[in-house]
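All of these numbers come straight from a predicted model, not from anything done at the bench.
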Amino acid sequence: MSALAVSPVLVPLATVAATTLTMGRPRLQRWLGHAGAWALLGCALALLAQAAADRPAQAVFGGWGVPFGIEFLVDRLSAALVLITAIMGVASLAFLTSDSDTRPTHPLMLPLLHGVLVGVGGAFATADLFNLYVWFEVMLICAVGLFAIGGRADQLDATFKYFVLNLLGTLLLLMAVGMVYAVSGHLNYGAIAHAWPQVAPWASALAVTGLLLAFLIKAGAFPWFAWLPASYHTLPAPVLALFAGLLTKVGVYAVLRALRDVFVPVPQWLFEALGWVAAATMLFGVLGAAYHWDMRRILAFHIVSQIGYILLGVALASSAGDAATLFYTLHHIVVKANLFLIVAMIWRLSGSYDLRQIGGLYRARPLLGVLFLVPALSLVGIPPLSGFWAKLWVLQEALLQGRIIWAGVALLVSVLTLYSMMKIWMEAFWKAHPRADWTPPADARLAPAWAVTGGLALITLAIGLQPEHLLAYSLAAADTLGGR
């Protein structure tokens, strides 16, 4: 058994225990929280090196062999997502040391935040369907805790909205897992893939449809996305960035793993339906963003919109589409988290998240305006940033397959995304502040925030200027799916 294979769970789990036991000693708790995040990053780099060398890390628990023991298997796809999870953990905790979000830190924040990392890491590393359900539950419990610990009325309202619809997805997922076990006799990914061609078509379609619906609810896809923009804006900025980057991507990963690796073959009509869901998700998400003036709500709706692009890559049901899905997911996690962190800096300097009540930031902090443009224009898909390549490869594959309507919707959504990003730029940076006597606070301690957001912007630039490295890795990861 490879201990490295279980590190995406064991390292943050140990950090949960350590930060819980030191809640009465805030400085030691913070130090342990940071140490745990960096340790996870080190393990993630080692996992990526092994996966890139075609030596995926594997562990089977309980002294049982596959398929009877619970298996962890970190292949190229999982390793890349574990690494980006660790990077987001380090970035969020480093940002927390600034005063970009001035709300008091609750003693349970660090244990719950690392608990989210436990769930995300476990979902990416597991090779067992029931175990995947368990890690979704871990994420749900810790996320609900992070929503509720502030105790404000709006946070409790957001907790309820987040919990109810995600609980529906959880129940549907559990029923679908039961159906899969009933018709195949297995829960291990490899064993299911081996047995699935012998399953009756009607049973196969029923079970996979149930799983797909559950995963789409978790991913925030149309029409089940209302919980996301209704709840995310109440979170502290570092936690919001972590949630925005990771949680919906676990649902997308589950869709990709299920439809393109485990449950093969999948009826073609499911991919057709997924493509239309993806198009609707893109469109309704960006329309919601265009309507709002609160920067957090605008960006929350753009999470929904960009999930549509990622799901479109899966719906194309090709190796190139799978590679584009992974590329897009990694790019979007970095860009979306960075935008939420930069918006928190805007709030700290201007005093509001409402675009109608702020302005003048480009004159006061021109570097922040430039920094905002890097992830904002990448989200739009402007060359040579990472988002350009991500959208190019999704659109190229869609056009090659003759999916003109899907590609047209994707292009229209890019134009509307540009409108949203330019609205933030014009209102927050270009126009004058509504109060003539406004000046940025002189005591704002933003050095850690500048370092984190600048580092994430550099990652975006690096991917955009040399996309061939990530594309080659994504293609190699796609080639390992479905026994290809």
Side-chain angles (χ1 to χ4, degrees), residues 3-44 59 61 70 72 82 85-99 101-126 131-152 155-156 158-160 162-163 166-167 170 231-232 234-247 250 337 448 452:
L4 194 59
V6 297
S7 62
V9 168
L10 286 185
V11 172
L13 190 60
T15 311
V16 170
T19 52
T20 301
L21 293 172
T22 55
M23 285 194 298
R25 303 172 65 184
R27 295 185 66 180
L28 177 59
Q29 186 193 45
R30 286 196 298 271
W31 185 89
L32 290 171
H34 286 278
W38 280 100
L40 178 61
L41 180 59
C43 293
F61 301 96
I70 294 175
F72 272 28
V82 169
T85 297
I87 292 173
M88 288 302 102
V90 169
S92 297
L93 287 174
F95 193 88
L96 190 60
T97 61
S98 75
D99 66 354
D101 194 312
T102 56
R103 285 176 284 187
T105 302
H106 195 281
L108 281 173
M109 178 181 286
L110 287 179
L112 288 171
L113 191 148
H114 281 279
V116 170
L117 295 179
V118 171
V120 174
F124 290 149
T126 189
N131 212 230
L132 178 65
Y133 157 78
V134 170
W135 299 123
F136 269 116
E137 286 303 285
V138 171
M139 284 190 295
L140 175 62
I141 292 168
C142 294
V144 167
L146 286 165
F147 274 112
I149 56 175
R152 300 195 318 264
Q155 290 176 319
L156 297 177
T159 303
F160 179 76
Y162 178 87
F163 179 72
N166 275 274
L167 184 61
T170 294
S231 59
Y232 271 25
T234 65
L235 291 164
V239 180
L240 172 53
L242 189 74
F243 278 34
L246 295 177
L247 293 197
V250 180
V452 170

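Within the 3.5 Å criterion, the main-chain N or O of Pro107 finds a donor-acceptor partner in the side chain of Gln29.
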Passes side chain to side chain contact (heavy atoms under 4.5 Å, CB included), Asn131 versus Phe136? Steps please. CA-CA 9 Å; Asn131 212 230; Phe136 269 116; over 6 Å; no

Open item on the list: What verdict does the side chain to side chain contact (heavy atoms under 4.5 Å, CB included) test give for Leu96 and Leu113, after you've listed the backbone C-alpha separation in whole Å, the side-chain angles of each residue and the deciding distance to 0.1 Å?
Closed with: CA-CA 12 Å; Leu96 190 60; Leu113 191 148; 5.6 Å; no

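Between Phe124 and Phe72, a ring centre-to-centre spacing not shorter than 6.0 Å is recorded.
Taken to the nearest 0.5 Å, the OG1 atom of Thr126 stands 6.5 Å off from the CG atom of Leu132. From Leu117, atom CG reaches atom CG of Leu246 across 7.0 Å, with rounding to the nearest 0.5 Å. One distance of note links CG of Leu240 with CZ of Phe95; it measures 10.0 Å at 0.5 Å rounding.
For Arg152, the side-chain hydrogen bond (donor to acceptor under 3.5 Å, both in side chains) partners at least two apart in sequence or on another chain are Asp154. With sequence neighbours left out, Thr170 forms a side-chain hydrogen bond (donor to acceptor under 3.5 Å, both in side chains) with Glu137, Lys218. A search for side-chain hydrogen bond (donor to acceptor under 3.5 Å, both in side chains) contacts involving Thr19 returns nothing, not counting sequence neighbours.
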Listing, residues 85-93 side-chain donor-acceptor contacts under 3.5 Å, not counting sequence neighbours, or none:
| from | atom 1 | to | atom 2 | distance (Å) |
| --- | --- | --- | --- | --- |
| Thr85 | OG1 | Leu81 | O | 2.7 |
| Ser92 | OG | Met88 | O | 2.9 |
| Ser92 | OG | Pro238 | O | 3.4 |

For residues 30-44, which side-chain donor-acceptor pairs fall under 3.5 Å, sequence neighbours excluded?
none

Below 3.5 Å, can you tabulate the donor-acceptor pairs from side chains in residues 6-16 to any protein atom, sequence neighbours excluded?
| from | atom 1 | to | atom 2 | distance (Å) |
| --- | --- | --- | --- | --- |
| Ser7 | OG | Leu4 | O | 2.6 |
| Thr15 | OG1 | Val11 | O | 2.8 |

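Closest non-hydrogen pair, Phe243 versus Leu235, comes out as CD2-CD1, 3.5 Å. Contact between Leu146 and Met109 at its shortest, heavy atoms only, is CD2-O, 3.8 Å.
Each of Val250, Val118, Leu140 was scored for a side chain to side chain contact (heavy atoms under 4.5 Å, CB included) with Trp135, with one residue passing: Val118. When each of Val239, Leu156, Thr159, Leu112 is checked for a side chain to side chain contact (heavy atoms under 4.5 Å, CB included) with Phe147, only Thr159 meets the rule.
You'll find the side chain of Val138 stays beyond 4.5 Å of the side chain of Val116, heavy atoms only. Side chains of Gln155 and Ser231 form no contact here, defined as non-hydrogen atoms less than 4.5 Å apart.
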